[in-house]
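To find a chain, count down the sequence lines: A is the first, B the second, and so on, and within it residues start at 1.
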Protein chains: 2
Amino acid sequence: MRDHELPEVRRLPLFRNMLAENFESLMRASYAQTFPAQLEMVRQGDPADLLHIVVEGAVELFSEWNGHQSTMAVVRPVGSFILAACIKDQPYLMSARTMARTRIILVPASDIRSVFRRDMEFAVSCMNELAGCYRAVVRHAKALKLRNSHERIAAYLYRQSRYAGDVATFTLTVEKRLLASYLGMTAENLSRALKALEADGVKVDGSRVIITDREKLKAIARPDYLIDGPDWDGSTSGVALPFPRNEEG
Amino acid sequence: MRDHELPEVRRLPLFRNMLAENFESLMRASYAQTFPAQLEMVRQGDPADLLHIVVEGAVELFSEWNGHQSTMAVVRPVGSFILAACIKDQPYLMSARTMARTRIILVPASDIRSVFRRDMEFAVSCMNELAGCYRAVVRHAKALKLRNSHERIAAYLYRQSRYAGDVATFTLTVEKRLLASYLGMTAENLSRALKALEADGVKVDGSRVIITDREKLKAIARPDYLIDGPDWDGSTSGVALPFPRNEEG
DNA sequence: CTCTCAGTTTGATATTTATCAATTCAAATT
DNA sequence: AATTTGAATTGATAAATATCAAACTGAGAG
């Protein structure tokens, strides 16, 4: 593992409150690995041996059934996945593949489980992380069940704009087909819906998004604190698409 | 609180491993209350002051947006909800209403938080509960995104039959409109789909379900361990519809 | 026993969403 | 600059799902 990586991992909400001694012991049991792009590193159904921490690159979490795939989340540095399976010692429910060349730290699940039993702060951090993940998926499920595709897209774009600092212009952080899959629709549907939304205050040109009428977009999106968040205390990783960067900063 | 209730609550996976002393202290801070049927006890967005434990009756967890509602889960005795909001000290993401006259034990969230900090076994139980809830919602989201309505229904019926002990006949545990909402479709769609499924090995008459051709139904449902579970260690409450009772037992 | 009422089913229709095929586009490579 | 390749878009169509209204049903109330 590289020198600069350890402090970064230590800064993760999951690890920042635990005793230094326990953190070090966890990290001694861990190892880092770099994967090329488009590699399926974890297959759904695999035993949950290792907690994964993304240090560089990006990872898509997706699930598969009957030949279809669906994107469930994207994890970027420095985020972790998938804690729940490690804690329960159960198989992964989702697969993971790199979206680019990606560096991962792998922490043995058994060490996770033994360390949180002797470090209350770590246990509390795990709980917060899990509770955050749970709430994020509940939000995702709510969006899928309560909104139609136009509304989901509008809400997504509105939220991205908000989180980038209420900017009028930003860039999509992921490919459209991945976004479509995350939002629970086909790429064709997303494409057509984006065009239709031009009448509702948002113009998308390639990966560039321009909000022409914030209020109109908001009227379609009807953003809701209990669906679109944030619970945002920075502790929740691996459960939603990443925020866009403010283009001015 | 009634005499027989305490041991029942104590038997919950969430509470069964903690120190007796801490359990008693938690329970001293708690109180029980009986609600009539069809009462909205928790409204989404409310501050999470209290962990709820269902002792008698049944509770529907649902969410609401823009005038639409969607059932997210049903909690039966002795199950708890909603731990995640209490742990994070964040507002509830879902509303809760009684489906029948229901008795609930209410545990102050602040006591939950302070007790798990001094009782590692309780902390571990909370973690297991949360991880289980997380995985259950991930499964729900996977089903919604990967299966169409016929497949979701078929999988639901197949699973209910399995959990009742591979019986050919069982009774639906919830109203059809609630089931429809849980499965992410309209009641009309459910009704028509059930009729269509008669060609695929299952007959539904009122609330009675008769599986006429298990293999045919299975072929439609394509049950999948990573969607339909179980993770079943009994520790997960409040995250899925209840199992049917085997009619022979 | 009849009445009432909520839940369910059915029918007709509209809307939403998916599918498949054909282009277009844009970035990366030769 | 030309070529290649995967992504994105567009068009035509089909399938899935929702909506609205009406009729039906069965369990509980009077």
Side-chain angles (χ1 to χ4, degrees), chain A residues 36-38 60 65-71 97-101 143-157 171-200 203-209 220, chain B residues 36-38 58 60 62 65-71 74 97-101 143-156 171-200 203-209 220:
Chain A
Q38 296 304 324
E60 175 193 1
W65 178 81
N66 193 25
H68 297 276
Q69 294 192 343
S70 183
T71 301
R97 74 183 144 219
T98 53
M99 296 167 67
R101 186 180 165 81
L144 290 169
K145 295 182 85 172
L146 292 167
R147 299 211 263 231
N148 66 27
S149 65
H150 284 217
E151 291 162 344
R152 292 200 296 278
I153 296 167
Y156 177 79
L157 295 177
T171 302
L172 294 176
T173 53
V174 293
E175 280 181 0
K176 283 190 183 141
R177 72 195 173 118
L178 190 148
L179 177 59
S181 178
Y182 174 71
L183 293 175
M185 66 191 73
T186 60
E188 294 95 325
N189 192 2
L190 173 64
S191 180
R192 281 185 255 264
L194 286 177
K195 181 167 287 187
L197 283 172
E198 285 184 18
D200 300 303
K203 176 96 174 58
V204 179
D205 177 38
S207 66
R208 177 175 236 77
V209 181
I220 302 290
Chain B
Q38 295 305 324
E60 176 193 1
F62 65 100
W65 179 80
N66 194 26
H68 297 275
Q69 294 192 342
S70 183
T71 302
V74 169
R97 74 183 144 219
T98 53
M99 297 167 67
R101 186 182 165 80
L144 290 168
K145 294 182 86 171
L146 292 167
R147 299 212 263 231
N148 67 25
S149 64
H150 285 216
E151 291 162 342
R152 293 201 294 278
I153 296 167
Y156 177 79
T171 302
L172 295 174
T173 52
V174 294
E175 282 181 359
K176 283 189 185 143
R177 69 194 174 121
L178 190 148
L179 177 59
S181 178
Y182 174 72
L183 293 176
M185 65 192 75
T186 60
E188 294 95 325
N189 193 1
L190 173 64
S191 180
R192 281 185 255 262
L194 286 177
K195 182 168 286 185
L197 284 172
E198 284 183 19
D200 300 303
K203 176 97 174 54
V204 179
D205 177 38
S207 66
R208 177 176 236 79
V209 180
I220 302 291

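Looking only at distances, no side-chain donor or acceptor of B:Lys145 sits under 3.5 Å from a matching main-chain atom of A:Gln69. With hydrogens and angles disregarded, a donor-acceptor distance shorter than 3.5 Å links the side chain of B:Thr98 to the backbone of B:Gln38. In this structure, the side chain of B:Lys176 does not engage the main chain of B:Ser207 through any donor-acceptor pair within 3.5 Å. With hydrogens and angles ignored, the 3.5 Å screen pairs a side-chain donor or acceptor of B:Ser181 with a backbone N or O of B:Thr71. Side-chain atoms of B:Arg147 do not come within 3.5 Å of backbone N or O of B:Arg152 as any donor-acceptor pair.
A:Leu178 and A:Met99 make their closest contact through CD1-CE, 3.8 Å (heavy atoms, listed as atom of the first residue, atom of the second, distance). Across all their heavy atoms, B:Leu146 and A:Trp65 have their closest contact at O-CE3, 3.5 Å.
Summary for the helix from C:dC1-D:dG30 to C:dT30-D:dA1: the axes at its two ends, each from 5 pairs, differ by 40° when rounded to the nearest 10 degrees.
In this structure B:Arg192 satisfies the salt bridge (charged side-chain N to carboxylate O under 4.0 Å, His left out) test with no other residue, sequence neighbours excluded. A:Arg101 is linked by a salt bridge (charged side-chain N to carboxylate O under 4.0 Å, His left out) to nothing, counting only residues two or more places apart in sequence or in another chain.
Under a cut-off of 6.0 angstrom, the local environment of CG in B:Asn66 is crowded, with over 12 non-hydrogen atoms contributed by other residues, nucleotides or ligands.
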Reading 5' to 3' through nucleotides 14-30 of chain D, protein heavy-atom contacts under 4.0 Å coded B for base, S for sugar-phosphate only, - for none = ---SSBB----------

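Taking 4.0 Å as the cutoff to heavy atoms of chain B, we find the contact window on DNA chain C bounded by C:dG7 to C:dA12.
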All N/O pairs under 3.5 Å across the protein-nucleotides 5-8 of chain D interface:
| from | atom 1 | to | atom 2 | distance (Å) |
| --- | --- | --- | --- | --- |
| D:dA7 | OP1 | A:Arg177 | NE | 3.4 |
| D:dA7 | OP1 | A:Arg177 | NH2 | 2.5 |
| D:dA8 | OP1 | A:Lys176 | N | 2.9 |
| D:dA8 | OP2 | A:Arg177 | N | 3.1 |

